*Asks:* 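Take this structure, written in structure tokens, and hold onto it; I'll ask about it next.
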Amino acid sequence: MTDFDNTIADDLTTFDGAETVTLTTAAGVAITVPGVIAQERSPGPVQLISNVLTSEINTRDFHMMKRVLGDVEPASGDTIVDSLGHRWRVQTSRLATMSTRYQLQCTREV
């Protein structure tokens, strides 16, 4: 018999670009979460800075393995600090991929 949940979880944590983030719940519990994948959702407004067009990423999905979080269930209002020190507010949280990972839709705090 195969431990299917852990097999999927192990496969999904080997992506290039995984980072370690800090998740802080609305109750103030902070945990370090390794193996997080971040995916940009939409760019912010385009700006002209020093004759160069730039666009800030304002929304991002973070994908966290459920088994890494233990008993913590991410929810709207939680915050994430990514590996660059940017702070993100969780807007929605849902279980995905056969309930093995959380998909967190976040907006960047300025």
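Worth saying up front: this structure is predicted, and the values here are computed from it rather than measured.
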*Asks:* Can you confirm whether Thr25 sits close enough to Val72 that some side-chain heavy atom of one is under 4.5 Å from a side-chain heavy atom of the other?
*Replies:* yes
*Asks:* Counting only heavy atoms not in Glu73 (residues, nucleotides, ligands), do more than 12 fall under 6.0 Å from its CD?
*Replies:* no
*Asks:* Taking the side chain as everything from C-beta on, heavy atoms only, tell me whether Lys66 gets closer than 4.5 Å to Leu95.
*Replies:* yes
*Asks:* Under 3.5 Å, side chain of Asp78 to main-chain N/O of Ala26, donor-acceptor pair present?
*Replies:* yes
*Asks:* Below 4.5 Å, heavy atoms only, C-beta onward: do His86 and Val81 meet side chain to side chain?
*Replies:* no
*Asks:* Got a sec, which residues hit side-chain contact (heavy atoms from CB on, under 4.5 Å) with Ala96, two or more places apart in sequence or on another chain?
*Replies:* Arg94, Arg101
*Asks:* Please report the interatomic distance OG(Ser93) to CD(Gln103), rounded to the nearest 0.5 Å.
*Replies:* 9.0 Å
*Asks:* For residues Arg89 and Ile80, determine if any side-chain heavy atom of one lies less than 4.5 Å from a side-chain heavy atom of the other.
*Replies:* no
*Asks:* With side chains defined as the heavy atoms from C-beta onward, is the minimum distance between Leu23 and Thr79 less than 4.5 Å?
*Replies:* no
*Asks:* If you measure from the Lys or Arg side-chain nitrogens to the Asp or Glu carboxylate oxygens, is any gap between Asp82 and Arg60 under 4.0 Å?
*Replies:* yes
*Asks:* Any donor and acceptor pair, going by atom type alone, linking the side chain of Thr59 with main-chain N or O of Cys106 inside 3.5 Å?
*Replies:* no
*Asks:* Determine the minimum heavy-atom distance between Asn58 and Trp88, stating which atoms define it.
*Replies:* O-CZ3, 3.8 Å
*Asks:* With the side chain counted from C-beta on, respond yes when Leu104 and Asp61 share a heavy-atom pair under 4.5 Å apart, and no when they do not.
*Replies:* no
*Asks:* How about Val36 and Thr20: do any of their side-chain heavy atoms sit closer than 4.5 Å?
*Replies:* no
*Asks:* Under 4.5 Å between any side-chain heavy atoms of Leu69 and Val33, yes or no?
*Replies:* yes
